[in-house]
Amino acid sequence: MQLGRTARIVLAAVTGMILVAIYVPLMVVLVNSFSTSTSLTWPPPGFTLEWWVKAFQSVGAREAVLTSVQVAIISTAIALVLGTLISIALQRFEFFGRDAISLLIILPIALPGIITGIALNNFFRTIMGVPLSIWTVVIAHATFCIVTVFNNVIARLRRTGTNLEEASADLGAGVWTTFRLVTFPQLRSALLAGGLLAFALSFDEIIVTTFTAGSGVTTLPIFILNNMFRPSQAPIVSVIAVVLVLVSIVPIYFAQRLSGSEQTRR
């Protein structure tokens, strides 16, 4: 479809404004992490590496990073297993209520985070009588990480079809042998991309985490929120925010490269 010159100019202008609105604040945070001002006055009166040194020496920040990594790894592992099994069940088998189940699987990522957080908080504390802990955070994160894995895997299953699996069965291979030698190799890049996205999604999640974390559980986003308005902590928070952005970008970048290379190959 060809766009007119005016339409192209308008589209470019709107795209530019959106990109500016998204990335200029991120650049401001980056600059503030080197500012000599403790109140983050703008423009910065000077630049220093002091806040980066203090941020990496902060015991609370290191513990928060470790907690976030632990939660992200475990919730991603759960999402990879359950998301893959659900994808295979919904794509390869016909049964009553399949469309309804597919909708229920996708729904957690579409709902506002505060709704999901309140619902899970009530489920853990009121219905199950379980005290909030790092494991309730893991379960909460897994609910929406599953969606990321599910979307990647089911899209790959739809593209690959069932010809190779049927041929494997005709040659006498069992279900697990077919999965190990035929299905899984076709899903590897989709699983890796889905896992990377799930990790990034879990690592910087704060709304659901706030409602499902116990009093002794502090992930990196919660650490940032707790220290953002404390005197002399704003520059350190800016440093941690920059690190958080970088950590989130890496898995998203590789996930996009994996998806793009797979599409190009096909």
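Nothing fancy with the numbering, it's 1 onward along the sequence. Note that these values count all heavy atoms, side chains included, but never hydrogens, waters or copies made by symmetry.
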Under the criterion side-chain contact (heavy atoms from CB on, under 4.5 Å), I'd like the reasoning laid out for Phe211 against Leu120: C-alpha separation, chi angles, the key distance, then a yes or no. CA-CA 8 Å; Phe211 285 93; Leu120 289 171; over 6 Å; no
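Inspection of the His141 and Ser75 side chains reveals no N or O donor paired with an N or O acceptor under 3.5 Å. Remark: the Ser189 side chain and the Arg156 side chain contain an N/O donor-acceptor pair separated by less than 3.5 Å. Side-chain contact of Gln91 with Ser87: a donor-acceptor pair under 3.5 Å is absent, judged by distance alone.
By the 30° and 60° cut-offs, the orientation of the rings of Phe199 relative to Phe203 is parallel.
Counting heavy atoms from C-beta on, the side chains of Val71 and Ile134 come closer than 4.5 Å. At a threshold of 4.5 Å between non-hydrogen side-chain atoms, the residues Met27 and Val24 do not count as touching. Here the side chains of Asn151 and Ile106 are in contact, with some heavy-atom distance below 4.5 Å. For the pair Ile154 and Arg158, the minimum side-chain heavy-atom distance is below 4.5 Å. Residues Val130 and Trp135 have side chains not in contact (no heavy-atom distance under 4.5 Å, counting atoms from C-beta outward). Put simply, the side chain of Val153 does not reach to within 4.5 Å of the side chain of Leu80, judged on heavy atoms. For the pair Phe223 and Thr67, the minimum side-chain heavy-atom distance is 4.5 Å or more. Counting only heavy atoms from C-beta outward, the side chains of Asp99 and Leu103 never approach each other to under 4.5 Å.
Of all non-hydrogen atoms in Val208 and Ala140, the two that sit nearest each other are CG1-CB, 3.7 Å. Contact record, Thr209 with Ile222: CG2-CD1, 3.5 Å, taken as the closest heavy-atom pair. Between Asn152 and Ala193 the shortest heavy-atom distance is OD1-CB, 4.1 Å.
The CD atom of Glu205 sits 7.5 Å away from the OG1 atom of Thr212 when rounded to the nearest 0.5 Å. Here the straight-line distance linking atom OG1 of Thr84 with atom CD1 of Ile146 works out to 10.0 Å at 0.5 Å rounding. Between atom OG1 of residue Thr148 and atom CG of residue Leu196 there is a gap of 11.0 Å, rounded to the nearest 0.5 Å. Put simply, OG1 on Thr143 and CD1 on Ile105 are 10.5 Å apart, with the number rounded to the nearest 0.5 Å. Summarising the geometry, atom CD1 belonging to Ile127 is positioned 11.0 Å from atom CG belonging to Asn121; distances are rounded to the nearest 0.5 Å. Distance OG1/Thr219 to CG/Leu66: 12.0 Å, rounded to 0.5 Å.
Taking hydrophobic clusters as Ile, Leu, Val, Met, Phe, Trp and Tyr residues chained together by side-chain heavy-atom distances below 4.5 Å, Met17 shares a cluster with Tyr23. Cluster membership for Leu30 and Val53, using ILVMFWY side-chain heavy atoms within less than 4.5 angstrom, is not shared. In the hydrophobic cluster analysis, where Ile, Leu, Val, Met, Phe, Trp and Tyr join through side-chain heavy atoms closer than 4.5 angstrom, Val81 is grouped apart from Ile86. Under the 4.5 Å side-chain heavy-atom criterion for ILVMFWY residues, no single connected hydrophobic cluster contains both Ile101 and Leu85.
Remark: side-chain polar atoms of Thr126 are not paired, donor with acceptor, to backbone N or O of Phe123 under 3.5 angstrom. A donor-acceptor contact shorter than 3.5 Å is absent between the side chain of Ser202 and the backbone of Ala198. Checking side-chain atoms of Ser68 against main-chain N and O of Val65 turns up no donor-acceptor pair under 3.5 Å.
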